[in-house]
Participant: 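Pasting in a structure now, in structure tokens, and then I'll have a few things to ask.
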Amino acid sequence: MRHVVLFHSVFGLRPAVRAAADRLRAVGHRVVTPDLYGVPATDTVEEGFALLDKIGQEVVLDRARAALRDLPPETVLAGFSMGAGVAGALLAERPDTAGLLLLHGTGGAPDDVRPGLPVQLHLADPDPYDQPDEVDEWQRAMTDAGADLTVFRYPGVGHLFTDPDLAEHDPDAVAATWPRVLAFLDAR
């Protein structure tokens, strides 16, 4: 059983994030899904980015920090898309984290990686927000920094392929993703 904090995408705290948390809870993990916006989720990515601009990245990070305040140091940091970036941004402040789980986006800086840090990335291939050459460079840098990194790329799927309420949802990619996620968490 792991403590996991699961940060939402730029859309906000959507039903897909809550469903993912429920999936993890069903196998015994303790999962927190903070609302980094404090307002209802948006329906489009454009609205999501506009909301992020209005709220501000620092407020989002402060809310993420507040969600972690009472969680154990070895909590797994996880996130969807923008939330993966939030999880990665907090890695330097949480050196004892049990792992970094990144869904639909890279996160974390090589300077913040302790040797052996378990990191798992699930990403569309190609992904409109993480270009292949940038992902390859991030992967090299994280590995060189000592991360125990596993990258899963899902050819031909849309960016947020695990969200059943979006047109880019891909059931086959989802069926491959969740067993890998559960194995990652169980190995911690």
Side-chain angles (χ1 to χ4, degrees), residues 1-9 14-34 64 67-68 71-91 94-110 112-127 130 132 135-136 138-164 166 168-188:
M1 187 270 312
R2 277 279 150 223
H3 283 87
V4 179
V5 62
L6 186 56
F7 298 116
H8 61 72
S9 74
R14 293 173 55 82
V17 177
R18 290 186 178 100
D22 288 343
R23 180 186 296 253
L24 300 179
R25 289 181 190 115
V27 296
H29 300 291
R30 294 183 181 168
V31 185
V32 175
T33 55
L68 284 164
L71 296 176
E74 64 278 359
T75 296
V76 172
L77 302 175
F80 289 93
S81 189
M82 176 201 81
V86 170
L90 297 177
L91 187 58
R94 307 275 302 186
D96 294 328
T97 187
L100 186 59
L101 176 60
L102 309 169
L103 298 147
H104 313 294
T106 58
D112 301 332
V113 171
R114 70 170 189 277
L117 176 71
V119 180
Q120 190 177 83
L121 170 65
H122 298 266
L123 194 65
D125 186 20
D127 188 281
D130 287 291
V135 175
D136 291 344
W138 175 85
Q139 184 173 353
R140 277 190 296 279
M142 292 292 277
T143 301
D144 289 349
D148 179 8
L149 175 64
T150 305
V151 175
F152 295 102
R153 296 186 188 201
Y154 300 84
V157 302
H159 176 66
L160 280 171
F161 61 85
T162 61
D163 189 328
L166 297 176
E168 55 202 13
H169 179 250
D170 189 287
D172 293 334
V174 171
T177 300
W178 288 112
R180 292 168 172 167
V181 166
L182 294 175
F184 175 78
L185 293 174
D186 289 345
R188 308 291 66 95

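Predicted model, so just to flag it, every value in this text is computed and none were measured. What's counted below: heavy atoms across the whole structure, side chains too, no hydrogens, waters or symmetry copies.
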Participant: Can you name the closest pair of heavy atoms from A124 and V157 and give their distance?
Facilitator: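 Smallest heavy-atom distance, with atoms named: CB-O, 3.5 Å.
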Participant: Identify the heavy atoms of A64 and L90 that sit nearest to each other, and give their distance.
Facilitator: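 Scanning both residues, the minimum pair turns out to be CB-CD1, 3.6 Å.
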Participant: Supply the atom-to-atom distance L24 CG to M1 CE, rounded to the nearest 0.5 angstrom.
Facilitator: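 So the gap between those two atoms works out to 13.0 Å.
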Participant: Output the distance between atom CH2 (W138) and atom CG (L123), rounded to the nearest 0.5 Å.
Facilitator: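 One finds 9.0 Å between CH2 of W138 and CG of L123.
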Participant: Do F161 and H104 have side chains that approach each other closer than 4.5 Å (heavy atoms only, starting at C-beta)?
Facilitator: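 The answer is yes; the side chains approach within 4.5 Å.
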Participant: Drop me the distance from T106's OG1 to M142's CE, to the nearest 0.5 angstrom.
Facilitator: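 Output value for this atom pair is 8.5 Å.
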Participant: Nearest 0.5 Å please: distance from the NE2 atom of H3 over to the CG atom of L68.
Facilitator: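 It is 11.5 Å, given to the nearest 0.5 Å.
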Participant: Using a 4.5 Å cut-off on heavy atoms from C-beta on, say whether the side chain of D148 contacts that of Q120.
Facilitator: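 No - every pair of side-chain heavy atoms lies 4.5 Å or more apart.
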Participant: Tell me the closest heavy-atom pair linking A87 and L77, and the distance in Å.
Facilitator: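 For A87 and L77, the tightest heavy-atom pair comes out as O-CD1, 3.5 Å.
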Participant: Heavy atoms, side chains only, cut-off 4.5 Å: are V5 and P34 in contact?
Facilitator: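 Answer yes - side chains close enough.
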Participant: If the threshold is 4.0 Å, N to carboxylate O, is there a salt bridge linking R153 and D130?
Facilitator: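 No salt bridge links R153 with D130.
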Participant: Would you name the heavy atoms of F80 and A20 that are closest together and state the gap between them?
Facilitator: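 Heavy-atom minimum between the residues: CZ-CB, 3.7 Å.
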Participant: Looking at every non-hydrogen atom in both residues, tell me the closest pair between V4 and A78 and how far apart they are.
Facilitator: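 Taking V4 first and A78 second, the nearest heavy atoms are CG1-CB, 4.1 Å.
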Participant: What heavy-atom pair brings F184 and L101 nearest, and what distance separates the two atoms?
Facilitator: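 Minimum heavy-atom contact is CE2-CB, 4.0 Å.
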Participant: What's the separation between atom CZ in R114 and atom CG in D96, rounded to the nearest 0.5 Å?
Facilitator: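 If we round to the nearest 0.5 Å, R114:CZ and D96:CG are 6.5 Å apart.
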Participant: Show me the donor-acceptor pairs within less than 3.5 Å that the side chains of residues 175-182 make with the rest of the protein, sequence neighbours left out.
Facilitator:
| residue | atom | partner | partner atom | Å |
| --- | --- | --- | --- | --- |
| T177 | OG1 | Y154 | OH | 3.2 |
| T177 | OG1 | A173 | O | 2.7 |
| R180 | NH1 | Y154 | OH | 3.2 |

Participant: Got L185 and V27 here, is their nearest side-chain heavy-atom distance under 4.5 Å?
Facilitator: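 Answer no - side chains too far apart.
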Participant: Is there a donor in the side chain of D163 and an acceptor in the side chain of H169, or the other way round, less than 3.5 Å apart?
Facilitator: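 No, H169 and D163 have no side-chain donor paired with an acceptor closer than 3.5 Å.
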Participant: Does some side-chain heavy atom of V113 sit less than 4.5 Å from a side-chain heavy atom of L149?
Facilitator: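 In short, these two side chains do not touch, never coming nearer than 4.5 Å.
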Participant: Contact between V31 and T33 at the side-chain level, heavy atoms closer than 4.5 Å - yes or no?
Facilitator: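 Contact flag for V31/T33 side chains = yes.
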Participant: If only atom types and distance count, is the side chain of R14 paired as donor or acceptor with the main-chain N or O of H8 below 3.5 Å?
Facilitator: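 A pair under 3.5 Å: no.
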Participant: Looking only at atom types and distance, does a side-chain atom of E168 sit under 3.5 Å from a main-chain N or O of L160, one as donor and one as acceptor?
Facilitator: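 Yes, the answer is positive, given that a donor and an acceptor are paired below the 3.5 Å cut-off.
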